[in-house]
Amino acid sequence: MSDGLLLTLGVLATSVAGLWAWRRWHYRSFWLCLGYPLTAVTVRFTWRKVALGCGLTKKRQRFWFTTVPGLISSTGLVRVKRRLQRVAVDTKPWMWLPMPTRHGWRVTVRLLEGQIPEDYAQVADRLAHSWRVHAVRVSSTRRGRVTLAATIRDPLVRISQVPVSTELLKVTVGRLETGSPWVIDFRTVPHWLNAGATQSGKSNLANALIIGLSPQPVALVGFDLKGGVEFTPYEPRLSALATSRAECVELLDDLVALMADRMAVCRAAGARNIWQLSSHRRPVPVVVLVDELAELYLMADKSEKDEIAKTSTALLRIAQLGRAFGIYLFCCGQRIGSDLGPGVTALRAQCSGRICHRVNDPETATMTLGDLDPAALVSARAIASETPGVAIVAGQDGQWYRARSFYVSEQAAEDATHTYAGLTPSWAEITAGTHCAEVTDADLAEFLTPDPVLPELRKG
């Protein structure tokens, strides 16, 4: 073998190893300097074929000049002999230059006449296969335009640890598929519904919330009808914990009375919510963690009917008025279905934050996400059991995302509750003198906000 050939092979091997190391150890610069330019050129030059294959083109009449008469036909049936002919051609939508993102690229496409964003959302999977990317999301923020956001590889395969929360009632619990942090902000979205089967990541998300809220000046209240096995280890940081149906009824009565007392304080001060009160008069916020929501609505015999009705009414009233008076709900459950009664459906309507992990039955996914966006429901049903912590999240910005929560062990959450046990407000002090007031229908109408409970989600 000649020296020149050996030198060439050595250079090629070194180049390949260097590119591999570059991509492995600093993917962001590799993507911006080499991967993105090649991808942008490929996407632009293959767009006509991709659009045609996905059914996104339109037939339009165009004049066509040929030096061979009869080579083309204007109707497909009758051949003509003119050199300049008017023929029907497939016109692709106009595409702007793709722009790089953290995990892929995005590009804006101008819709053809008669097209709507749903036409592109229906073929998003075809677009992903055509461009050989992990996923393509479709969104539209302007009439006549759609944005195609391509993700080259799944950003939820590996995520970093939980950062420290710096704002009151705001906790970063994971990452969104866009690479942005997944933040649960109770000030913006006061009530959340979290559905998920066993080992889907539902309890892990609650652990992340407990770790994030433990250092904050808030009161944590737990409802655990598993006999207390879920929340009892975190009791040092819980101001109150109910582990039976009777205790739940009593604790809900306390919360309703607390809400009535805070309502009277706000009315006397001319404030619509506790955040308009001065700092020295503002009461401590209360975050209510409910585990196994279905257990509050299941009826073993008719003797529990009145108790369940009382529980359902109290929980719904807290969901309706709690935001204004610093009481926030985070309800978790494996099974959330309409068969549990109209109380669950009414409660769901008040929970504008939706989280759906992998579930065992389609009805739970439909109950959680079905009234938001059909595409979100399809994505929720596609969550694999090998990816615990992955969920479909609908939040305050009017869109839904795939997200994954950080892994938080039970031991880490338990250690956090013991570390910050000194910050636990006394439930007796919080509820002192609250049972002298009651919530009436007039109070309900006065403090209910006119804003819609659930924002309409944009497609994609």
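Quick caveat, the model's predicted, so the values are computed rather than measured.
Under the 4.5 Å side-chain criterion, counting only non-hydrogen atoms from C-beta, T151 is not in contact with V133.
With hydrogens and angles disregarded, no donor-acceptor distance shorter than 3.5 Å links the side chain of H357 to the backbone of A391. With R404 contributing its side chain and G389 its backbone, the two residues share no donor-acceptor pair below 3.5 Å. Between the side chain of D125 and the backbone N or O of A128, no donor-acceptor pair lies under 3.5 Å. Using modelled atom types, no side-chain atom of T387 and backbone atom of V390 make a donor-acceptor pair closer than 3.5 Å. Looking only at distances, no side-chain donor or acceptor of N194 sits under 3.5 Å from a matching main-chain atom of C331. Looking at R323, its side chain never comes within 3.5 Å of a backbone N or O of Q320 through a donor-acceptor pair. Panel note: side chain R237, backbone S214; a donor-acceptor pair is recorded below 3.5 Å. Between the side chain of D90 and the main chain of T57, no donor-acceptor pair closer than 3.5 Å is present. Although no hydrogens or angles enter the test, the distance criterion places a donor-acceptor pair under 3.5 Å between the side chain of R358 and the main chain of T198. In this structure, N204 contributes its side chain and F406 its backbone to a donor-acceptor pair below 3.5 Å.
Heavy-atom neighbours of R282 CZ from other residues, nucleotides or ligands within 6.0 Å: above the threshold of 12.
For Q115 against Y120, the heavy-atom pair with the smallest separation is OE1-OH, 2.8 Å. Shown here for A394 and W192, the closest heavy-atom pair between the two residues is O-CZ3, 4.0 Å. Between W105 and V107, the shortest heavy-atom distance links the atoms CZ3-CG1, 3.8 Å. The shortest heavy-atom contact between L277 and A271 is CD2-CB, 4.0 Å.
Ion pairing of R335 with E292 is absent here, as no side-chain N (NZ or NE/NH1/NH2) approaches a carboxylate O to less than 4.0 Å.
Of the residues listed (V171, L209, L329, V218), the one engaging F186 in a side-chain contact (heavy atoms from CB on, under 4.5 Å) is L209, and it is the only one.
Separation of the W47 and W94 ring centroids does not fall under the 6.0 Å cut-off.
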**Item:** side chain to side chain donor-acceptor pair (under 3.5 Å) evaluation trace for Y420 with Q216
**Value:** CA-CA 9 Å; Y420 299 102; Q216 300 185 20; over 6 Å; no

ask   = After noting the C-alpha distance and the side-chain angles of R402 and I392, does the key distance pass the side-chain contact (heavy atoms from CB on, under 4.5 Å) rule?
value = CA-CA 5 Å; R402 287 179 70 247; I392 304 301; 3.5 Å; yes

Exercise for review: Report the C-alpha distance between K202 and D291 in whole Å, list the side-chain angles of each, state the deciding distance to 0.1 Å, and finish with yes or no for side-chain contact (heavy atoms from CB on, under 4.5 Å).
Suggested key: CA-CA 10 Å; K202 172 174 55 67; D291 188 57; 4.3 Å; yes

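A distance of 7.0 Å separates NZ in K58 from CG in L112, rounded to the nearest 0.5 Å.
Residues meeting the side-chain contact (heavy atoms from CB on, under 4.5 Å) test with P100, sequence neighbours left out: W31, L32, Y36.
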